[in-house]
Amino acid sequence: MPELPEVEVSRLGITPHVEKQRVQAVRVWYPTLRWPIPDDVYLLEQQPITAIHRRAKYLLLESTFGALILHLGMSGKLRVVPTETPRVKHDHFELELENGLSLRLNDARRFGAVLWQPTGELHPQLQQLGPEPLTDALTADHLYHLSRGKTGPVKNFIMDNAVVVGVGNIYANEALFATGIDPRRAAGNISQARYARLTDAIKDVLARAIEQGGTTLRDFTRADGQPGYFRLELAVYGRGGLPCPTCGREIAEQRIGQRNSFFCTRCQR
DNA sequence: ATGTTGACCTGTAAGC
DNA sequence: TGCTTACAGGTCAACA
């Protein structure tokens, strides 16, 4: 479900219900997702959630003794429901809040994570992350300089969280189409001018996706249950064999780095 | 160091 | 109608 826009939409959706609320109870229904859920998460009980931040695709629920870190993996979903709402299949974790609502993590594939970061520490999972794409931390110079000498495909390069965070398979395809760059091209073989345009395209496509409420493919829904509408704006992702919106040639579909990729062989070089 | 591959899991859709 | 297979928004560990 989630790339950066979907995580950000989730953050925006849950914040009004969760921020400033005291946690009445922490419930772990399934003890191991991608990693074991640490017992430290019970430190949240009786403490207020002071703010909800996002770093890469991680959500950080800040509190007195530290931050609860949530990652949605491939299939994770956050919902805010009345506490008495029955659990459904794959509901693994819950924060019961003082306002009678509960924040629930549902994750069929269990690639998601629930972690704990003590105040004043940076969790190991967050230590190797590249810059945030929607801030000035991501610059064309950064991508250009890091890419020198890299022989792997540029699509893999921009999906590497050590390079820049939050660019997943959908938006990597879209940003490369918007820039006219062939996703198979070696990252080190792209000019500074083209990285400038690619940087702008990454920022633009992510920002527009957030505005549209994210991309709903199979099952992503916002915290209020509404779908995201960015799917309607996808130019190439999931459109193999259909005409390129720019030139009309059939959109190519090919696996790059084990991920399905979509591009126009005429518009992207 | 860098690049590539397999692994983790379940649900869904397509193919036979 | 069934059964089998391939694939899915992410990331990490183990290789060459």
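Naming convention: chains lettered A, B, ... in sequence-line order (proteins, then strands); numbering from 1 in each chain. In this text, all values refer to a predicted model and were calculated from it rather than measured experimentally.
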Check every strand shown and say whether A:Asp107 touches a base, only sugar-phosphate, or nothing at a heavy-atom separation below 4.0 Å. nothing
Just checking A:Gln125: base, sugar-phosphate only, or nothing, at a heavy-atom cut-off of under 4.0 Å? sugar-phosphate
Rounded to whole angstrom units, what separation is found between the NE2 atom of A:His92 and the C1' atom of B:dC8? 13 Å
Between A:Asn156 and B:dG3, does any side-chain N or O lie under 4.0 Å from OP1 or OP2? no
Rounded interatomic separation in angstrom, taking CG from A:Asp160 and C1' from B:dT2: 11 Å
Nearest to the A:Glu3 side chain among C:dG10, B:dC9, C:dT11, which nucleotide is it? C:dG10
Between A:Arg208 and A:Glu233, is there a salt bridge with N-O shorter than 4.0 Å? yes
P atom, B:dT5 versus C:dC7: distance in rounded Å? 15 Å
With both distances under 3.5 Å as the test, what is the Watson-Crick or G-U wobble partner of C:dC12? B:dG6
Backbone N or O of A:Asp107 within a donor-acceptor pair of the A:Ser75 side chain at under 3.5 Å? no
Starting at atom CZ of A:Arg110, determine the distance to atom P of B:dA7, rounded to an integer number of angstrom. 18 Å
A:Arg109 side chain: which of C:dG10, B:dT10, C:dC12 is closest? B:dT10
Thinking salt bridges, do A:Glu94 and A:Arg87 make one under a 4.0 Å N-O criterion? no
Toward the 5' end of DNA chain B, which comes first, A:Arg34 or A:Lys89, by nearest nucleotide? A:Arg34
Is any NZ, NE, NH1 or NH2 atom of the basic residue among A:Arg11 and A:Glu8 found under 4.0 Å from an Asp or Glu carboxylate oxygen of the other? yes
Could you tell me the separation between the CG atom of A:Leu70 and the P atom of C:dG9, rounded to a whole number of Å? 22 Å
Under 4.0 Å between a side-chain N or O of A:Thr151 and OP1 or OP2 of B:dG3? yes
Gap between atoms CG and C1', on A:Leu72 and C:dA8 respectively (whole Å): 15 Å
More than 12 heavy atoms of other residues, nucleotides or ligands under 6.0 Å from OH of A:Tyr30: yes or no? no
With respect to the phosphate group of C:dG10, does any side-chain polar atom (N or O) of A:Asn169 fall under 4.0 Å of OP1 or OP2? no
NA contact type, A:Arg259, heavy-atom cut-off 4.0 Å: base, sugar-phosphate, or nothing? base
Whole angstrom value for the distance that separates C1' of B:dT4 from CE of A:Met159: 14 Å
Given C:dC7, B:dT2, C:dC12, which nucleotide is nearest the side-chain atoms of A:Arg255? C:dC7
Expressed as a whole number of Å, how far does the P atom of C:dG9 sit from that of B:dG3? 22 Å
In whole angstrom, give me the gap between the P atoms of C:dC3 and B:dC9. 25 Å
When you measure from the side chain of A:His90, which nucleotide among B:dG11, C:dC7, C:dT11 comes out closest? B:dG11
May I ask you to decide if the ring planes of A:Phe157 and A:Tyr195 are parallel, tilted or perpendicular, using 30° and 60° as cut-offs? perpendicular
Measure from the side chain of A:Pro153, starting at C-beta and using heavy atoms only, and say which of B:dC9, B:dT4, C:dG10 lies closest. B:dT4
Taking CD1 from A:Ile158 and C1' from C:dT11, how many angstroms apart are they, rounded to a whole number? 17 Å
Decide, applying a 5.5 Å centre-distance limit and a 30° plane-angle limit (both strict), whether A:Phe111 stacks on B:dC8. yes
Short side-chain N/O contact to C:dG10 OP1/OP2 from A:Tyr58, under 4.0 Å: no
Separation of C:dG9 atom C1' from A:Gln258 atom CD, nearest Å, is 16 Å
